[in-house]
Amino acid sequence: MNRIYYAPDGIICHDPGPGMIPFFSALDENYRVESIRPGNGFIPRFQLLRQKRIATGKGLFESNEKELLDKIASTPAIGIEDANEIFAFDALYALSLREISNCRLCGHECGVDRYNGTGKCGITNETHNSSPFIHIAEEQVINPAIVTNFSGCSMRCLYCIDHRVWEPSVFLKTIPKAFWDDTRSHITTDIPIDSIEFTNTTESIHGVIGILSSAPEDFNLPVVMNTHLYGTKAFYDIAIPVTDVWLPDIRYGNDDCARKLSGVENYMHYSKLGLDAMREHNGRVIVRLLVLPGHVNCCMIPALELLSKYKESFWVSILDQYVPEHEAHLVPGLNRRPTREEISVVRDAVNVYGLRDISVDNLEFWNF
Ligand code: SF4
């Protein structure tokens with residue numbers, strides 16, 4: 001966090017925290033931390049789930065996954081005096097822990113038992129996360145956010161600005177109590193926090209659920225799920241019941257570029273699967289597009305065309321802060337910032353496809 005890059009066309013700040021406010025104010029006297037909050041009385045989905053009981057009809061581990069997911073989604077929040085009555089949230093947590101014994105959370109679909117090894121992401125059953133920190137430059141409707149990053153990733157983007165977090169042990173093992181102690185200290189600062197954001201969640205969704213299982217009962221900020229679009233139905237089934245705002249990245253518009261630059265197969269299949277799952281969820285969705293230099297025609301425009309099929313449900317967020325990091329210098333064309341023209345072609349395409357840009361069309365975000 002708080003990394004600053006000096007590029008020929010300006011200064012780029014990565015994950016700025018409150019300590020950067022004096023710096024931004026010195027650059028622009030009109031600078032303000034922008035924020036559009038949900039109305040009073042907002043209750044995050046996971047808190048509703050924690051109040052809800054379901055009757056399994058038999059032991060939890062004898063129920064099949066579909067039976068439990070259907071009950072989590074549909075059973076009204078009523079108490080049922082039954083020996084097999086359980087909290088819906090606990091059932092979901094159990095499902096997430098069971099999923100990693102034959103892991104197919106991401107498009108690699110390794111099918112490995114993460115209690116006894118790792119798949120392509122390199123993560124065992126244990127998750128690791130950064131200390132939560134305050135981010136003051138997210139999209140206005142979720143800003144400022146308390147952010148925590150999970151380590152390990154199933155995508156290996158050659159230009160990844162956060163490639164150091166691929167190594168699981170770069171962060172400490174997830175300890176929910178420590179997470180909430182840190183979060184509480186951030187919430188009581190002068191910065192009014194808008195959301196809590198979990199990033200890099202696909203491979204570590206059971207870690208997210210574990211953290212939420214220990215949340216204070218009066219915690220009422222929206223949960224933002226920041227994820228690459230290489231998840232599977234197994235991931236979305238577990239993540240949907242606890243997600244208030246989806247924040248996916250779409251990086252490519254074809255499988256070849258995804259294979260060459262991120263080492264993944266069938267990227268477009270999984271991207272569409274993820275977008276469909278989010279639309280079906282009927283939650284709030286902001287799709288981010290990082291403008292990759294040299295990939296406007298092959299990736300950005302086709303990605304926007306794809307998103308136009310979801311334009312009634314989604315917002316888009318155009319990110320122009322790409323800087324060549326990691327191994328970008330080895331890839332012809334990627335070792336530079338996107339040009340102003342490339343960025344403006346992408347912004348124009350947002351209008352051409354009739355998409356809602358969250359930076360300018362955001363007043364209705366919390367009103368549906
Ligand atoms: S998260 Fe993806 S890469 Fe990791 S073990 Fe599961 S299927 Fe494999």
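Note that the structure is a prediction, hence the values are computed from the model and not measured. Only this structure's heavy atoms are used, side chains among them; waters, hydrogens and symmetry mates stay out. Whatever order the structure lists them in is the order used to number ligands and atoms, beginning at 1.
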Please determine, by modelled atom types, if [X] and [Y] share a side-chain donor-acceptor pair under 3.5 angstrom.
| X | Y | answer |
| --- | --- | --- |
| H135 | D15 | yes |
| H228 | E203 | yes |
| Y5 | E325 | yes |

Those residues at least two apart in sequence (or on a different chain) that pass side chain to side chain donor-acceptor pair (under 3.5 Å) with Y310 are D276

What pairs of residues pass the ring pair (Phe, Tyr, Trp, His ring centres under 6.0 Å) test when at least one of them lies in residues 85-115, not counting sequence neighbours? H108-Y230

Under the salt bridge (Lys or Arg N to Asp or Glu O under 4.0 Å) test, which residues partner E342, sequence neighbours left out? R336

Protein N, O or S atoms lying under 2.8 Å from atom 8 (Fe) of ligand 1, listed by chain and number: C110 SG

